[in-house]
Amino acid sequence: MRKLTYWQAISEATVQCMAADPGVFVAGEGVDDDKGIYGTTRAAYERFGSSRVIDVPNSENACAGIAVGAAAMGRRPLMVHSRADFMFLEMDALVNLAAKWRYMYGDQGGVPVVTRGVVGRGWGQGATHSQSPQSVFGHFPGLYVATPASPADAKGLLVQALRSETPVLLLENRGLYQVEGDVPPEPVPVPFGRGRVARSGTDVTVVAASLMVYEAERAADLLARQGVSVEVIDVRSIRPLDDDLICESVAKTGRLVVADTSWARYGFAAEVAAVVAENVPDALRRPVRRVTPPDCPAPVSAPLEDAFHPDAGSIAAACLELVGGDGSAVPRLTGVTAGFVGPY
Amino acid sequence: MRKLTYWQAISEATVQCMAADPGVFVAGEGVDDDKGIYGTTRAAYERFGSSRVIDVPNSENACAGIAVGAAAMGRRPLMVHSRADFMFLEMDALVNLAAKWRYMYGDQGGVPVVTRGVVGRGWGQGATHSQSPQSVFGHFPGLYVATPASPADAKGLLVQALRSETPVLLLENRGLYQVEGDVPPEPVPVPFGRGRVARSGTDVTVVAASLMVYEAERAADLLARQGVSVEVIDVRSIRPLDDDLICESVAKTGRLVVADTSWARYGFAAEVAAVVAENVPDALRRPVRRVTPPDCPAPVSAPLEDAFHPDAGSIAAACLELVGGDGSAVPRLTGVTAGFVGPY
Amino acid sequence: MSSVQRRLVRDMVRIRCVEETLADLYREEQQMRTPTHFSIGQEATSAGICAAARRTDVVYSGHRSHAPYLAKGGDLDAMVAELYGKVSGCARGRGGSVHLMDRAAGFGGSAAILGEMIPVAVGAAWAFAMEGAPRVALTFFGDGASEEGTFHEALNFAMVHRLPVVFVCENNQYSIASPLSARQPPGTSIRERAQGYGMPSRLVDGNDVFAVHEAGTEAVEWCRSGNGPYFLELVTYRWREHVGPGWDHDQAGGYRPKSEVDSWIARCPIRGAADALRAADPDIDARIDAWDAEFRAEAGRAVERAKAAAFPDVRDLLDGAYEPQTHGTGRGRN
Amino acid sequence: MSSVQRRLVRDMVRIRCVEETLADLYREEQQMRTPTHFSIGQEATSAGICAAARRTDVVYSGHRSHAPYLAKGGDLDAMVAELYGKVSGCARGRGGSVHLMDRAAGFGGSAAILGEMIPVAVGAAWAFAMEGAPRVALTFFGDGASEEGTFHEALNFAMVHRLPVVFVCENNQYSIASPLSARQPPGTSIRERAQGYGMPSRLVDGNDVFAVHEAGTEAVEWCRSGNGPYFLELVTYRWREHVGPGWDHDQAGGYRPKSEVDSWIARCPIRGAADALRAADPDIDARIDAWDAEFRAEAGRAVERAKAAAFPDVRDLLDGAYEPQTHGTGRGRN
Ligand SMILES: Cc1ncc(C[n+]2csc(CCOP(=O)(O)OP(=O)(O)O)c2C)c(N)n1
Ligand SMILES: Cc1ncc(C[n+]2csc(CCOP(=O)(O)OP(=O)(O)O)c2C)c(N)n1
Ligand SMILES: [Mg+2]
Ligand SMILES: [Mg+2]
């Protein structure tokens with residue numbers, strides 16, 4: 001199969017879905033500009049022009065409501081944010097309206113708005129430009145929240161989203177945009193709620209989403225060399241969540257590390273731990289470990305930023321702790337932002 | 001000690017703090033009107049007048065930012081929302097600005113904005129007027145999130161909030177407003193992060209916040225009659241969270257039910273389960289149970305609404321399941337809204 | 001009396017009769033367990049505007065929803081059943097008074113969060129523009145809702161894209177108990193905000209149904225002809241309490257003097273219309289009396305049907321939270 | 001040349017020199033690991049307005065923050081250190097370019113979320129009004145930020161409470177690569193939005209530092225005298241790319257033609273000021289050259305100091321997430 005980068009996969013899904021469904025349009029601040037949201041909307045703009053790839057004013061909340069209105073009239077808006085952090089401004093429209101529409105109006109149809117939010121660590125993005133709000137949205141019934149980790153899923157989950165009748169949020173981590181992988185040429189949907197064993201193993205389960213899957217795989221590589229066999233579960237979507245896959249893996253390994261780019265409290269890591277405590281508590285041979293940022297906003301200064309963001313090293317250390325190894329033996333790995341050149 | 005209702009306790013704390021600190025002012029939509037947010041701001045308005053109890057336009061996001069600006073200049077705004085659901089509109093100001101202010105400007109002072117949000121089940125409030133957004137805010141470092149369950153804590157936590165240097169959210173459940181309890185006459189702060197054993201017991205631990213503490217106590221009463229001893233933990237604040245108290249209790253009982261007025265996924269119930277899985281997984285003799293609303297928005301129709309909201313009955317059923325009893329034996333209890341007369 | 005005039009008065013009477021019937025029962029029975037915002041006294045705005053729209057045009061409203069729903073042709077039985085929480089309700093009992101919808105009639109939905117539906121109407125208009133359909137979206141909201149950021153964001157967007165949407169501000173001068181002067185700069189009007197975007201606008205006596213209708217017709221045609229959005233500020237007054245069936249002056253310490261309420265009752269839109277028509281149509285009062293009887297009976301029948309209808313089945317509690325799971329969704333639970 | 005004129009030109013030159021020094025190093029070294037929005041070409045707005053304010057007045061800005069910070073008297077060394085992520089930075093390395101603060105100088109803070117600081121300035125003004133302090137709050141934001149709902153909500157609030165706040169819109173006609181015409185209705189101006197609230201306002205050539213200063217002085221005095229808020233729209237242009245040190249026309253497929261950029265470079269605010277003063281002060285060019293040398297040296301020294309300074313200690317990573325735990329906070333962990 002031919003390889004694409006993650007951003008190319010998003011771009012391809014967008015173009016194919018727009019070609020297949022004339023109701024799909026792309027809207028967002030700067031989607032039509034030259035940079036095209038890290039290239040992801042560029043091909044769509046070139047092919048479909050400004051009537052279907054539409055720049056919007058800096059009005060996140062109204063734009064989300066406008067998308068709801070267009071969706072209620074049969075359109076399929078694909079809304080794009082260059083930073084997921086801006087989605088807090090449209091929290092009301094997403095959570096109080098889009099998520100509840102089908103239910104609170106008595107199941108007369110949904111508002112299938114698809115919203116892409118880029119989690120942009122880059123460098124020095126700081127406290128308000130690098131957050132991963134998945135759990136905040138994942139709390140609300142009525143939404144699907146997907147977190148693609150591989151190029152294939154970046155495409156397949158977007159295809160699924162654009163065919164869904166439910167509002168979907170897709171949170172994409174910029175650290176993955178240049179990662180390459182096999183991607184089917186056709187627009188094959190990847191269903192929500194079906195996780196994937198990204199790597200199988202027997203000693204520890206690492207459950208992760210988005211960038212942390214990539215980091216967990218790097219950690220697994222490293223630990224394999226030390227004789228520790230790590231199973232990496234990529235949940236793909238955090239709502240719905242593939243409880244069964246998580247529990248099966250923990251039932252096998254008896255050890256659970258959950259890795260997330262957002263905070264521990266009330267986050268993805270909490271939910272995964274709860275699923276296990278609810279379903280297979282007896283399987284746990286060791287306490288659960290959450291590998292997440294520490295409990296402070298994201299700092300800018302490079303050494304602080306490096307310490308703040310969890311990565312393969314911190315995942316490996318947690319795994320080693322659970323198998324009784326020496327966490328301090330983990331070599332420092334090159335971060336996903338290595339080689340990144342500013343200013344973004 | 002003399003008794004006050006929950007709403008009177010809030011009112012008293014407000015008046016006492018305003019008298020003690022001229023920087024404190026109350027602002028919100030309708031805080032100055034005759035109903036005075038269910039009476040809670042009425043006495044303050046009568047005593048301090050419209051220069052310190054201030055009606056505001058329907059502009060939640062700006063008002064939250066305005067409060068931040070006033071707090072940065074040394075004032076102590078107490079912002080009030082008659083429905084916590086409106087706080088999604090100010091998510092950006094609370095989460096991207098207030099929560100991060102101290103940290104991202106290099107620890108040169110905080111913005112001690114106190115925000116009260118009323119969770120208003122009432123009746124028929126439906127999907128957008130009865131939500132409990134605690135976990136959504138609890139996810140973010142930089143905030144304190146308190147959930148008073150008793151009149152004493154309604155007062156003490158508000159006093160603590162108004163003396164804190166950190167932004168605080170207080171989520172109050174309207175179902176508790178008429179509940180009476182002992183309340184110290186003086187403004188004695190109740191620290192954040194120190195839970196309370198609302199009822200001690202040996203067979204099952206129920207960890208709860210806000211209204212669910214009240215419901216858990218009713219469940220405990222009921223189960224006591226059936227020979228089941230329930231320990232009820234009132235966390236008082238969900239950020240910080242009293243992990244130790246939770247773990248101590250579960251270490252003793254071996255069984256955990258978490259009850260919340262909000263959904264299970266990525267919610268309060270998830271976090272409490274995670275804390276136990278992280279710290280005392282071996283203590284769990286049975287799987288954790290989450291007693292929360294089902295995974296749909298809140299419906300209006302009375303029978304659906306009754307089925308939607310967790311209560312003493314559903315808590316008791318979960319406890320009975322864990323001790324091997326028959327959940328269906330739980331009698332239907334009168335809900336907290338019984339006797340409630342519309343239209344609110 | 002022209003047929004349009006006749007329709008306008010008749011629609012107002014119908015709204016009044018339905019609302020008064022429901023308000024009385026709401027208080028007496030305590031069976032409509034849903035917070036309810038009556039439009040009694042404000043009937044001219046909905047009647048006048050909706051009569052200017054086609055069935056294929058779509059109306060959105062805020063919480064004060066019954067009047068625009070009915071004026072747009074929404075199903076009465078389904079609305080009343082919704083208030084009683086019945087499965088035959090227009091939102092199957094899930095939404096209540098603030099979440100009405102009748103797609104067939106072109107009532108696109110009402111919502112309880114201030115300002116939330118304003119962008120939705122803009123989005124509908126955007127869809128119409130994309131399709132090249134000759135349809136217009138209209139959105140009703142209060143003076144209070146115009147303080148929300150979404151109001152401004154939506155106006156700007158509509159004007160940039162020249163979308164066919166009529167913004168209808170029902171300025172009843174209060175937001176719950178807060179007077180306009182506590183919330184917006186004295187000496188300004190809400191339509192001036194629209195003018196700031198270069199949007200055509202009119203300030204109209206919202207209790208004069210003929211004036212409202214005339215302005216509404218101009219606005220709708222302006223939009224339908226592809227000229228972009230239009231803004232209407234209609235000054236009116238609600239007679240009852242903000243939410244619920246009571247009269248403010250029933251209550252101690254009201255926020256508005258009885259004399260003020262009375263002065264607006266004296267400006268009753270139905271009576272005003274009758275006064276305007278009487279010279280040309282001396283039978284107008286008799287007609288109104290006949291309609292009154294007809295619609296009170298109709299409302300009574302709707303109430304009977306609602307009461308006889310079933311509550312939703314508790315086993316269906318989760319239905320509609322998500323789309324039916326048909327196309328290969330995974331096994332994960334939500 | 002009056003001392004005020006002298007100060008205005010000098011401040012512009014200083015901003016230009018600092019910005020150009022930083023821009024060059026930013027690109028060459030890749031050591032300032034923080035997204036940075038330069039104000040090169042827009043110096044007149046910050047210089048003109050801030051010179052009209054007192055030290056005790058407080059300025060807030062959006063992401064394009066260096067110029068207002070410096071113009072308000074913010075500590076240069078601390079700003080440069082912040083860009084290098086050093087512990088001696090004005091936000092101790094935690095905030096970066098978009099989160100500058102110098103409380104002593106009356107620079108209240110800058111923020112990266114569009115429109116977020118506009119209400120904050122209103123809140124500061126509210127605090128001043130409550131205290132009866134003769135202080136004024138000022139807030140800089142772009143044309144793009146004026147599309148956010150908070151902008152409108154904040155203007156309305158300030159006008160209702162007649163607060164001493166000057167809204168300073170730096171209209172550089174672009175939001176990243178989006179021209180104003182794609183985002184706001186053609187034929188309108190941003191100040192018209194302020195007029196919709198009855199707020200006094202002026203539209204000023206933002207590249208004419210003397211005109212800006214004159215308008216700023218009027219605005220600040222209006223506020224300080226208790227008349228309420230004031231709105232200024234200053235039309236200007238940025239020369240460099242939106243974020244980062246480059247020139248747009250370095251890049252393929254730029255969103256604005258080189259001829260457009262050049263036409264604005266021809267309207268350089270520093271050169272314009274020199275032209276205006278030359279008749280009265282024939283030495284102006286020599287003065288500017290001297291300042292240029294002085295400030296490039298000053299900037300160079302600040303860079304040296306920043307480079308020599310320490311990074312924050314990783315052990316202090318959590319510091320400042322919360323207030324110090326002094327007054328009986330419980331044992332719970334956050
Ligand atoms: C975002 C939001 N804030 C506050 C409220 C509470 N609220 C409900 S109706 C209302 C008054 C609205 O006034 P207006 O828009 O003028 O409509 P009216 O009730 O006068 O018809 C308020 C403040 C709400 N529903 N949503
Ligand atoms: C809420 C929000 N939306 C989008 C962005 C991304 N963004 C950063 S700067 C910018 C352009 C802002 O334009 P303007 O306000 O005119 O300021 P300028 O950069 O032109 O000085 C945008 C869209 C943001 N930071 N915050
Ligand atoms: Mg009103
Ligand atoms: Mg700009």
Side-chain angles (χ1 to χ4, degrees), chain A residues 60-61 85-86 88-89 91-92 94-97 99-100 103-104 126-128 131 133-142 238-239 241 256 258 262-282 284 286-290 293-300, chain B residues 60-61 85-86 88-89 91-92 94-97 99-100 103-104 126-128 131 133-142 238-239 241 256 258 262-282 284 286-290 293-300:
Chain A
E60 289 79 7
N61 199 8
D85 311 68
F86 308 154
F88 295 131
L89 285 160
M91 189 87 187
D92 179 72
L94 291 175
V95 148
N96 275 338
L97 194 64
K100 297 173 172 51
Y103 191 86
M104 76 183 172
T128 66
Q131 292 167 98
Q134 55 264 25
S135 74
V136 164
F137 290 105
H139 185 54
F140 295 93
I238 71 138
R239 175 178 270 271
L241 183 64
L256 173 64
V258 198
S262 195
W263 297 283
R265 289 279 192 213
Y266 311 100
F268 169 69
E271 179 60 32
V272 172
V275 164
V276 168
E278 236 173 9
N279 293 289
V280 288
D282 294 342
L284 283 177
R286 298 296 311 276
V288 173
R289 284 289 163 258
R290 297 193 255 184
D295 225 20
C296 62
V300 163
Chain B
E60 289 79 5
N61 199 8
D85 310 68
F86 308 153
F88 295 132
L89 285 160
M91 188 87 188
D92 179 72
L94 291 175
V95 148
N96 274 339
L97 194 64
K100 295 172 173 53
Y103 191 85
M104 77 184 170
T128 65
Q131 293 168 98
Q134 56 264 25
S135 74
V136 163
F137 290 105
H139 185 52
F140 295 92
I238 71 139
R239 175 178 272 272
L241 183 64
L256 173 63
V258 199
S262 195
W263 296 283
R265 289 279 192 212
Y266 312 101
F268 170 69
E271 178 60 33
V272 173
V275 164
V276 168
E278 238 173 8
N279 293 290
V280 287
D282 294 342
L284 283 177
R286 298 294 312 277
V288 173
R289 284 290 162 257
R290 296 193 255 184
D295 225 20
C296 63
V300 163

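Throughout, a chain's letter reflects where its sequence line sits, starting with A, and its residues are numbered from 1.
Between chain A and the options B:Pro294, B:Gly142, B:Ala269, B:Gly267, the largest number of non-hydrogen pairs under 4.5 Å is found for B:Gly267. Per-residue counts of heavy-atom pairs under 4.5 Å with chain B were compared for A:Val280, A:Leu89, A:Asp85, A:Val272; the largest is that of A:Leu89. Contact count versus chain A (heavy atoms, under 4.5 Å) is highest, among B:Pro141, B:Ala274, B:Ala99, for B:Pro141. When B:Gln134, B:Glu60, B:Arg289 are compared by the number of non-hydrogen pairs under 4.5 Å with chain A, B:Arg289 comes out ahead. Top candidate by heavy-atom pairs under 4.5 Å with chain B, chosen from A:Ala273, A:Pro299, A:Cys296, is A:Cys296.
Between the OH atom of B:Tyr266 and the OG atom of A:Ser262 there is a distance of 11.5 Å, given to the nearest 0.5 Å.
Within the 4.5 angstrom heavy-atom criterion, only side-chain atoms of A:Gln131, from C-beta onward, approach chain B. Within the 4.5 angstrom heavy-atom criterion, only side-chain atoms of A:Pro281, from C-beta onward, approach chain B. Neither the backbone nor the side chain of A:Phe137 comes within contact range of chain B; no heavy atoms are under 4.5 Å apart. At a 4.5 Å heavy-atom cutoff, the contact between A:Asn61 and chain B is made by side-chain atoms alone.
Contact check for A:Val275 versus B:Arg265: side-chain heavy atoms found under the 4.5 Å cut-off. In this structure, B:Val136 and A:Met91 have side chains that are in contact, with non-hydrogen atoms separated by less than 4.5 Å. Side-chain contact between A:Asp92 and B:Phe86 is absent, with no heavy-atom pair separated by less than 4.5 Å.
Applying the salt bridge (Lys or Arg N to Asp or Glu O under 4.0 Å) rule to A:Arg290 yields the partners B:Glu271, B:Glu278; only residues at least two apart in sequence or on another chain are considered.
The existence of a salt bridge linking B:Asp295 and A:Arg239 is confirmed by a sub-4.0 Å separation between a basic side-chain nitrogen and an acidic carboxylate oxygen.
Using modelled atom types, no side-chain atom of A:Tyr103 and backbone atom of B:Ala298 make a donor-acceptor pair closer than 3.5 Å.
In summary, of the residues considered (A:Phe88, A:Trp263, A:Phe268), a ring-ring contact (aromatic ring centres under 6.0 Å, His included) with B:His139 occurs for A:Trp263 alone.
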